[in-house]
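Below is one structure, written out as structure tokens; comments come after it.
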Amino acid sequence: MSMIAAFYGGKSILITGATGFLGKVLMEKLFRTSPDLKIIYILVRPKAGQTLQQRVFQILNSKLFEKVKEICPNVHEKIRPISADLNQHDFGISKEDLEELLSSTNIVFHCAATVRFDDHLRHAVQLNVTATQQLLSMASQMPKLEAFIHLSTAFSNCNLKHIDEVIYPCSVEPKKIIDSMEWLDDAIIDEITPKLIGDRPNTYTYTKALGEIVVQQEGANMNIAIIRPSIVGATWQEPFPGWVDNLNGPSGLIIATGKGFLRAIKATPMAIADLIPADTVVNLTLAAGWYTAVHRPKSTLIYHCTSGNLNPCNWLKMGLQVLATCEKVPFEKAFRRPKADFTTTRFTTHYWNAVSHRAPAIIYDIYLRLTGRKPRVMKLMNRLLRTISMLEYFINRSWEWSTHNTEMLMSMLSPEDQRMFNFDVRQLNWLEYIENYVLGVKKYLLKEDMAGVPEARQHLRRLRNIHYLFNIALFLIIWRLLIARWQMARNVWVFIVSFCSKFLSYFRASSTLKL
Ligand SMILES: CCCCCCCCCCCCCCCCCCCCCC(=O)SCCNC(=O)CCNC(=O)[C@H](O)C(C)(C)COP(=O)(O)OP(=O)(O)OC[C@H]1O[C@@H](n2cnc3c(N)ncnc32)[C@H](O)[C@@H]1OP(=O)(O)O
Ligand SMILES: NC(=O)C1=CN([C@@H]2O[C@H](COP(=O)(O)OP(=O)(O)OC[C@H]3O[C@@H](n4cnc5c(N)ncnc54)[C@H](OP(=O)(O)O)[C@@H]3O)[C@@H](O)[C@H]2O)C=CC1
């Protein structure tokens, strides 16, 4: 019998960010392994014209929840969406809902965050710091609370090379930052942002670090744990391999590679690609929830959910496997053939951006214009290059994360729990995982049917022929222009022609002699 699954049975659980990538996988696993849990409260905001109920309906009707609906047919009765916007004071939760939440909740999983790298500091602070502080204040009024689990990121201290499972101080106290956001105007915030984030690359990592300090300060009297995942990727095993539903992290770049948009990227091939599957993060999170509530460690424990020190994979290995899979099972309607390389210097990156990214986009847009259609490729390309520039920091460095707490937690699990809530990345086969990831991107993100693969292959063959024809035509045009303008080119041309004709006549002569 699984101790962890039994622990969540009969519990009332509050999840923030349940409509996000990790939140959905977390909810799915909870329902699948503890179908007898009492209720899951989720804080949801109405979005894109959808009501809360419609959003929940959409989640439950996705492929991710197919198994759950078999195991727990009344799953819809066990999810209670609560209208809440974490940008608002008190989250805008109604008085009745708040009372119910405060009186019933046993466990809190705080997943909501803004994960955008370029968010304005005011917004990032509001969501990743102030909202965390408010949620903790709410949690402190929950008489039945057993554990509060906060989702952070392994990159919250990416300004360090070696990162321990501890909370590092920031130069300015989070409370001062929260206060200042209330009275500083946007222009001043823009001006001080680079000084505040210091040697971190973006507001996301900075505010996640502030969020951790808030958790430590405000949650001193609660049972709290912090999970720090690295780059979260598609699921490894559960509920099925390759599930992913947003473009964050590597997923967007996998699409860009498979569709032939991405041809070169500045990366350090041997740097560690610290990916971690979403289901691994969820298993560790649930195990930490159980351990925190049952064993009540004296201090806040931080768990690094990373792969680099236990089972390292580098960007070269990952990139080659992405390309190999895209070759084997191509994406539909590719712009160009999937063929990409890593660049290592600024100069080569600029060169390949001009030749392999911008030039084809301009040519294709001209073709679209000439055929009476709206040009769109350059816009897409600019967005891709901007995304790459945001991610570059993470693919050109390696970090070391210590994993003592994570390994300790693993050793505390029964063999049954080690199997059911497996977060041992040493068992992960990277090539198999990356292949399933790419297939998952194709099936669940791009919603492409595997029946379309032969047509996609045919399309790639057409693109290859166009590529060859284009290259030959380009060569001939350039050569013709050179001959017309340069004596030197003419001399070379005469030399080549006379060399070839001598070579041919020599062959002709030697074959006649043999006869
Ligand atoms: C040798 C072979 C070589 C082969 C090479 C093979 C290569 C394969 C190797 C792979 C290497 C992987 C490296 C990963 C490193 C990850 C590190 C993460 C570490 C931190 C982890 C964390 O702890 S943190 C969680 C992750 N957090 C993010 O990862 C957010 C990032 N992101 C943003 O911060 C914003 O995205 C940003 C960018 C500002 C743009 O912002 P933006 O305003 O320009 O664009 P938006 O995001 O608003 O998107 C506007 C519309 O573009 C659509 N779209 C957006 N991206 C798209 C895309 N890539 N492809 C298509 N479509 C896309 C979107 O769906 C919208 O569509 P629509 O308008 O229809 O709704
Ligand atoms: N994905 C990754 O690579 C990594 C993620 N993490 C951490 O894991 C956690 C979950 O990330 P992930 O699932 O990928 O992120 P997503 O962007 O997929 O999900 C974010 C969630 O937060 C919710 N949210 C955002 N703003 C508000 C708001 N104002 N009010 C209410 N809810 C809001 C979103 O709701 P809505 O659907 O309405 O937008 C969504 O449910 C985050 O804390 C992140 O920092 C850590 C390391 C890596």
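For clarity, every value in this text was computed on a predicted model and none was experimentally measured. Just follow the structure's listing: the first ligand is 1, and inside any ligand the first atom is 1. Below, each value reflects all heavy atoms present in this structure, side chains not excepted, and no hydrogens, waters or symmetry copies.
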Exercise for the section: Test F394 against W399 for side-chain contact (heavy atoms from CB on, under 4.5 Å), laying out the working first. Expected result: CA-CA 10 Å; F394 301 95; W399 288 266; 4.2 Å; yes

Below 4.0 Å, non-hydrogen atoms only: which portion of [X] touches ligand 2? Side chain, backbone, both or neither.
X	result
R228	neither
A154	neither
T114	neither
L127	side chain
Q126	neither

Return the option from [options] holding the heavy atom at the smallest distance from [atom].
atom	options	value
atom 9 (C) of ligand 2	A278, A113, C111	C111
atom 27 (C) of ligand 2	H110, R45, K24	R45
atom 47 (C) of ligand 2	A84, S230, S156	S230
atom 7 (C) of ligand 2	P229, A18, S152	S152
atom 22 (O) of ligand 2	G23, A112, S83	A112
atom 11 (O) of ligand 2	I276, I59, V115	V115

Problem - Residues E70 and R32 bridged, charged N to O under 4.0 Å - result: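 Salt bridge absent between E70 and R32.
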
Practice task
Give yes if a backbone or side-chain nitrogen or oxygen of N248 is under 3.5 Å from a nitrogen or oxygen of ligand 2, and no if not.
Solution key: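 So ligand 2 has no N or O lying under 3.5 Å from an N or O of N248.
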
Handout entry: Point-to-point distance, once rounded to the nearest 0.5 Å, from NZ of K24 to OG1 of T19
Key =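 With rounding to 0.5 Å, NZ (K24) is 7.0 Å from OG1 (T19).
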
Practice task
Just say parallel, tilted or perpendicular for the rings of F155 and W401, cut-offs at 30° and 60°.
Solution key: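 Rings of F155 and W401: perpendicular, over 60°.
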
Got a list of side-chain donor-acceptor pairs under 3.5 Å for residues 130-137, not counting sequence neighbours?
unit_1 : atom_1 : unit_2 : atom_2 : d
T130   : OG1    : V125   : O      : 3.4
T132   : OG1    : H110   : NE2    : 3.1
T132   : OG1    : N128   : O      : 3.1
Q134   : OE1    : D90    : N      : 3.2

Do any heavy atoms of [X] fall under 4.0 Å from ligand 2?
X	value
D85	yes
N246	yes
Q88	no

Atom pairs and distances, donor-acceptor, side-chain atoms in residues 294-306, under 3.5 Å, two or more places apart:
unit_1 : atom_1 : unit_2 : atom_2 : d
H304   : ND1    : S402   : O      : 2.7
H304   : NE2    : R228   : NH1    : 2.8

Practice task
Output yes when a side-chain donor or acceptor of K443 lies under 3.5 Å from a complementary backbone atom of D449, and no otherwise.
Solution key: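 Flag not set: sc K443 to bb D449 has no pair under 3.5 Å.
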
Exercise for the section: Evaluate the side-chain proximity of M27 to I79: yes if any heavy-atom separation is below 4.5 Å, no if none is. Expected result: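 In short, these two side chains touch, coming nearer than 4.5 Å.
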
Exercise for the section: Measure centre to centre between the rings of F7 and Y291, then say whether the value is under 6.0 Å. Expected result: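 Not under 6.0 Å, so no.
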
Problem - Minimal non-hydrogen separation, A139 against M222, with atom names - result: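 Distance-wise, the nearest heavy atoms are CB-SD, 3.9 Å.
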
